S.K.: 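First the structure, which I've put down as structure tokens, then a few questions once you've had a look.
First listed ligand is number 1; within each ligand, the first listed atom is number 1. This chain uses plain numbering: 1 for the first residue, then up along the sequence. This one's a predicted model, so the numbers in the text were calculated from it and none came from an experiment.
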Amino acid sequence: MNTAVTGYPRIGKDRELKFASEKYFNGQIGESELLATAKEIRKGNLLKQKEAGITYISSNDFSFYDNVLDTAFLFNIIPQRYKDLNLPDLGTYFAMARGYQGSNGNVKALAMKKWFNTNYHYLVPEIDDDTKIVLTGAKPIDEFVEAKAFGVDTKTAITGPFTFLKLARFTGSKTISDVSSDLAAEYVKLISLLAEKGASLVEFDEPYLVRDLSADDIALFKEIYSPILSDKHGVKILLQTYFGDIRDIYNEVTALDFDAIGLDFIEGVKTAELIEKNGFPIDKILFAGVVNGKNIWRNNYKRSIGILKGIEAENIVVNTSCSLLHVPYSLESETKLADEYKKHFAFAEEKLTELNEIAELAGKDYANDEIFKKNQALFEGRVNCEDKAVQARVEAITDEDYVRLPVFEEREKIQKQILNLPLFPTTTIGSFPQTSDVRKNRQDYRKGNISREEYVEFNRKKIAECIKLQEEIGLDVIVHGEFERNDMVEYFGENLNGYVFTEKAWVQSYGTRNVKPPIIWGDVSRKAPITVEWSKFAKSCTDKPVKGMLTGPVTILNWSFPREDISIRESILQIALAIRDEVLDLEANGINIIQIDEAALREKLPLRKSDWYSEYLDFAIPAFRLVHSKVKPETQIHTHMCYSEFTDIIPAIDAMDADVITFEASRSDLQILDSLKENNFKTEVGPGVYDIHSPRVPSVEEIVAALTKMRTKIEDTKLWVNPDCGLKTRGEEETKKSLINLVEAARRIRG
Ligand code: GLN
Ligand code: ZN
């Protein structure tokens, strides 16, 4: 069997692209140096895959920022405000990606959204009535030619027109059907140019096909591909899908004149069944995605070979389930991880070997093969993975554990009496500016340059100052400032049993921003109280209420690499029990307001609406309740979410049964408030009154105006006043000024 890779990580093994891009943005290096770094990364990636013996290697999987943006740029889908800057091409490209502020003008970046169910983000293309869709770029062609010069004959991977249009925003009066044939014609042009350069295979990435599709969607897909498939210029076309199965369009897709079809056998729970029921055309190649492109565990060869042998198709290529962009580069960079851990992981580079081994084993009598046996031995157990006590605790959870009593309305009364807060109480989301001294303190402690006492002493000083500042400003509910945390998930992971950490396992989140998700290795429990000492100290500094600050189980799980040997549900419950211990300890130590952040709650919401509850919310929401269900009625539970994109799951959010929820609303048009009202949302709310993602200081009038609008939708007794997220990325000056204005605005409204 042949092998294929949908796409390779492109940030560079040592994050070279990030560092070069940042230097370029700061003017420390010029364009040519950045281009040279990018070329080196592409070369390294291609040769690595070639050496590994992969048959179908992608070009055009590289990007300076994002592939959807690349596709928009390629077809001249560039809003006029960026063209008006009169920058060189790369400058225009980065202006769309990051915004531009300088001598040529001042424009915001394109909107950014999560790429399907991943933590990668794409830039949302904008199409207005003046957009002229024309193939003006040449990136796919250049990168194909470049790869050839490196000795690699590649398939050209490109965002497909259907997914592209479905993700685009139409800002004028035009809709998809007004532009789809123009776009299709330009793709045809691209194919003809690639053909001239000797390309034999082009891959159209169409992940949108795994979503719920309407009859109109299916008609649109067929319409867009009709000119492309009838004018192939001798090039073979691979339709690549991922992040699920294509149950709504399988029969239509297989009937079209694609030469190859890529299907996902990892997240596509129905993929095998679709083939079995409907057959797979003998004249097409099946790119079978059996190696997980999203997680870091070794492939189970028995499962993969079983799938491959079970499919009735003439010609099968062993493929990754999606681009390897979502996993780190190589285990080689992990020097501290013991081998008994490491041998269970496969990052991008190791997955290349897996693809080959699977392809080879599938073609022979593999049961007694040494490679196969070695692989199977990995699944017989792992060291330090099981904790019977944790399992028993999960087992012992009863329905009552998910229910907090008394009911919300009664708690609300009790809490109002005990906390005695003014109307429109003011607070923040938790973190205060992480100035360089704060980070240095943590690093020094980590490196062993300072003692535990010195580290704690410094943080206490910071907490005391932070509290004094909040008292001076006049905030009602005080936070300690989170100076001990690097990251809201890694910090908790480090304090839980069952986690493993890497040194260099970076994954692109967006543009130059990479994340290093910790790995859930085994059963999770709390080692010892995590935040209690900090919160206790904070409380000793003030007479005002201090809000304890935790990260919730769903977010901790969603921003880690999850286990594959137990269900997500089971993992979340384990984490929930650990965090519940922390909640109860905080309460026992006199902290009577506790915020449990669920910034990433929406992240793993299934792509199909029909799966939202049964496959996710039905256990994610109860898991959150499990964390706080045993606190006293007078203890007020807050939660925080980073996006207001939850209009469609408001009942689920209310069912978290928190007492207060704060969320980001300042950038959206507050339409979420209408939905809250329509749904009779019971939880008290703090829709962020200003955007913390920019250094701008909001005026009192502006905040008063935002609050006035909010008051038309939310009862006065339920409205909180707060920024829209944590302040850790902001400077001290702007933070102080903004919060002074926030408190003043609340006072005016009260008056
Ligand atoms: N409590 C966290 C903070 O203030 C929340 C961060 C987040 O929502 N991303 O930093
Ligand atoms: Zn947030």
S.K.: Using the ring of each side chain (for Trp, its six-membered ring), is Tyr616 parallel, tilted or perpendicular to Phe619, with breaks at 30° and 60°?
M.R.: perpendicular
S.K.: My understanding is that only residues two or more places apart in sequence, or in another chain, count here; which of them pass ring pair (Phe, Tyr, Trp, His ring centres under 6.0 Å) with Phe64?
M.R.: Phe62
S.K.: To check your reading of the site, what angle at the Zn ion (ligand 2) do NE2 of His640 and SG of Cys725 form, to 10°?
M.R.: 120°
S.K.: Taking the six-membered ring of Phe25 (Phe, Tyr or Trp), confirm whether the NZ or CZ of Arg98 is under 6.0 Å from its centre and within 45° of its axis.
M.R.: yes
S.K.: Give the atoms of ligand 1, by number and element, whose distance to some non-hydrogen atom of Cys725 is under 4.0 Å.
M.R.: 7 (C), 8 (O), 9 (N)
S.K.: Would you mind running through ligand 1 and noting each atom that sits below 4.0 Å from a heavy atom of Cys642?
M.R.: 7 (C), 8 (O), 9 (N)
S.K.: Is ligand 1 under 4.0 Å from a heavy atom in the side chain of Ser431, in the backbone, in both, or in neither?
M.R.: both
S.K.: The criterion is ring pair (Phe, Tyr, Trp, His ring centres under 6.0 Å); which residues satisfy it with Tyr445, sequence neighbours excluded?
M.R.: Tyr455
S.K.: Would you mind running through ligand 1 and noting each atom that sits below 4.0 Å from a heavy atom of Gly430?
M.R.: 4 (O)
S.K.: Taking only heavy atoms of Asp597, which atoms of ligand 1 are found under 4.0 Å from at least one of them?
M.R.: 1 (N), 2 (C), 5 (C)
S.K.: By number and element, which atoms of ligand 1 are closer than 4.0 Å to a non-hydrogen atom of His640?
M.R.: 8 (O)
S.K.: Could you measure the distance from the CG atom of Leu557 to the CD1 atom of Ile568? Nearest 0.5 Å is fine.
M.R.: 5.0 Å
S.K.: With a cut-off of 4.0 Å, which atoms of ligand 1 are near a heavy atom of Met488?
M.R.: 6 (C), 7 (C), 9 (N)
S.K.: Between the side chains of Lys294 and Thr118, does any donor sit under 3.5 Å from an acceptor?
M.R.: no
S.K.: When you compare the side chain of Ile637 with that of Ile596, does any pair of heavy atoms fall below 4.5 Å?
M.R.: yes
S.K.: So which bit of Met641 gets within less than 4.0 Å of ligand 1, heavy atoms only: side chain, backbone, both or neither?
M.R.: neither
S.K.: Which atoms of ligand 1 have any heavy atom of Gly726 under 4.0 Å away?
M.R.: 3 (C), 4 (O), 10 (O)
